[in-house]
Each structure stands twice: as structure tokens, then as C-alpha cells.
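Quick notes on the structure that follows.
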Amino acid sequence: MPKITVTDGDSFEVEDGKRLILALRDNDVDILHRCGGFAGCTTCRVEFSEGEPTRMTEAELNRLNEQSQVGEFRLSCQIECTQDMTVKPLMTLESTGLDDRGNQPQDNITPDPVWTEKPA
């Protein structure tokens, strides 16, 4: 079971293949996901200090390319927990002052993932 560590020191184990956004949400980590996990809004941003996956969905790559943000952060709604990771949520209720995180993401990555290698 992969171990997810949040840079504030909290860590927890999750089932292999679980969406990172759900792993964070289910463990009460403050992180936004305004579009409900469809790689549409980029509010579920995380920064990796360890364990960043080398693959990403085309939806994530396309969204980050559109905003010229490839390499700046990753979208937790498009990441499967398949290894130990240390992450920092970048957009939170506390930091933005919003009233809610967003709609509950589905269990599976949406849209259906087409995998590609993360650009160097």
C-alpha cells in the first residue's frame, strides 16, 4: 500500500491505484477540486518533494500546456497512488477563502486516462 505524506507531516497509507485527490480528501487534507476531478480547473494542484510519478494523463498534460504551467505543479485528480509520495497541496480552502472544496470526484480518473510520459 502506498504511503502518502503531506509536507505538514501527516502521512497515511492508501489502496494501490486510488486517485490522489481522493486519498487527500478522504484523509481530511485541505485541498481544492472545484471541477470535480476532470482536469478542468487546476485547483487540485500539488507540488511533489518525493515520489512524483513519471507518467501523466494526456488530459493533465493538455491542461497544463494550455496554461503554460507544465513543470510547475501536478493535478492530483489525474494521479494514481501507486508508490510512496510526499506532496504539498497548493490551493486550499484556507489559502483561498472559498466556502467549499468542490464536487466529489469519481473513484476513477476522469476523463478516461490516456497515459503519456511526463515531460522532462
Side-chain angles (χ1 to χ4, degrees):
M1 292 179 62
K3 179 179 176 183
I4 308 303
T5 302
V6 181
T7 55
D8 68 5
D10 291 339
S11 62
F12 43 88
E13 289 187 342
V14 299
E15 64 189 65
D16 190 50
K18 185 172 187 131
R19 290 176 87 170
L20 180 56
I21 188 63
L22 293 176
L24 296 170
R25 180 183 167 116
D26 292 352
N27 286 278
D28 298 321
V29 174
D30 185 6
I31 187 168
L32 298 181
H33 45 80
R34 303 293 291 174
C35 74
F38 291 90
C41 67
T42 74
T43 60
C44 66
R45 301 171 183 187
V46 291
E47 182 178 89
F48 280 86
S49 54
E50 292 182 30
E52 181 176 356
T54 58
R55 70 179 192 160
M56 63 192 330
T57 65
E58 285 186 0
E60 179 183 16
L61 181 59
N62 290 341
R63 174 58 68 193
L64 296 177
N65 272 330
E66 287 171 6
Q67 298 181 0
S68 300
Q69 294 175 313
V70 173
E72 293 182 30
F73 53 81
R74 297 287 304 271
L75 302 181
S76 62
C77 73
Q78 300 294 302
I79 296 172
E80 291 179 327
C81 297
T82 58
Q83 62 197 30
D84 293 351
M85 304 174 188
T86 302
V87 300
K88 177 182 179 181
L90 298 178
M91 296 188 78
T92 64
L93 286 175
E94 183 179 346
S95 69
T96 63
L98 294 170
D99 293 339
D100 68 85
R101 299 186 220 183
N103 296 326
Q104 172 71 25
Q106 297 176 15
D107 288 341
N108 297 316
I109 290 179
T110 51
D112 288 337
V114 176
W115 298 102
T116 188
E117 288 300 307
K118 177 181 74 96

Hey, is E50 close enough to K3 for a salt bridge, meaning N to O under 4.0 Å?
no

Between G37 and P105 the two heavy atoms that sit nearest each other are CA-CB, 4.3 Å

Less than 4.5 Å apart, side chain to side chain, heavy atoms only: is that true for R34 and L98?
yes

Assess whether atom CG of N108 is packed by more than 12 heavy atoms of other residues, nucleotides or ligands within 6.0 Å.
no

Can you give me the closest heavy-atom contact between T43 and M91, atom names plus distance?
O-CB, 3.4 Å

Derivation of the side-chain contact (heavy atoms from CB on, under 4.5 Å) call for S49 and T7
CA-CA 8 Å; S49 54; T7 55; 4.2 Å; yes

Reported CD1-to-CZ distance for the pair I31 and R101, which is rounded to 0.5 angstrom
9.0 Å

Measure across D100 and L32 and return the closest heavy-atom pair with its distance rounded to 0.1 Å.
O-CD2, 4.1 Å

Within this structure, what is the NZ-CZ distance for the pair K88 and R45, rounded to the nearest 0.5 Å?
13.0 Å

I need the minimum non-hydrogen distance between K18 and A23, along with the two atoms involved.
CE-N, 3.7 Å

Answer with yes or no whether the hydrophobic clustering places I21 together with V14; edges join I, L, V, M, F, W, Y residues whose side-chain heavy atoms lie under 4.5 Å apart.
yes

Take L61 and W115 through the test side-chain contact (heavy atoms from CB on, under 4.5 Å) and record every step on the way to the result.
CA-CA 10 Å; L61 181 59; W115 298 102; over 6 Å; no

Only one of L75, T86, L24 forms a side-chain contact (heavy atoms from CB on, under 4.5 Å) with V46, so which one is it?
L24

Other residues, nucleotides, ligands: >12 heavy atoms within 6.0 Å of D8 CG
yes

A side-chain contact here means heavy atoms from C-beta on lying under 4.5 Å apart; do P119 and M56 qualify?
yes

Distance, nearest 0.5 Å, that separates CD of E60 from OG1 of T116
10.5 Å

How about R63 and T42: do any of their side-chain heavy atoms sit closer than 4.5 Å?
yes

Please round to the nearest 0.5 Å and tell me the distance separating atom CE of M85 and atom CD1 of I4.
5.0 Å

Closest heavy-atom contact between I109 and E80?
CD1-CG, 3.7 Å

Contact summary for L90 and S95, nearest pair of heavy atoms
O-OG, 4.2 Å

Using a 6.0 Å cut-off, check whether atom CD of E94 has over 12 heavy atoms from anything other than its own residue.
no

Determine whether P89 and V6 make a side-chain contact, defined as any pair of heavy atoms from C-beta on separated by less than 4.5 Å.
yes

So how far is it from L20 CG to R74 CZ, rounded to the nearest 0.5 Å?
9.5 Å

Taking side chain as C-beta onward, heavy atoms only, is V29 less than 4.5 Å from D10?
no

Would a 4.5 Å heavy-atom cut-off, applied to side chains only, mark R19 and Q78 as touching?
yes

Is there a side-chain contact between L22 and H33, using heavy atoms and a 4.5 Å cut-off?
no

So does N62 have more than 12 non-hydrogen atoms from other groups sitting under 6.0 Å from CG?
yes

Main chain of S11, side chain of T5: is a donor-acceptor contact present, judged purely on distance under 3.5 Å?
no

Student check: side-chain heavy atoms of T82 and P2 closer than 4.5 Å:
no

Taken to the nearest 0.5 Å, the spacing of M1 CE from D84 CG works out to 11.0 Å

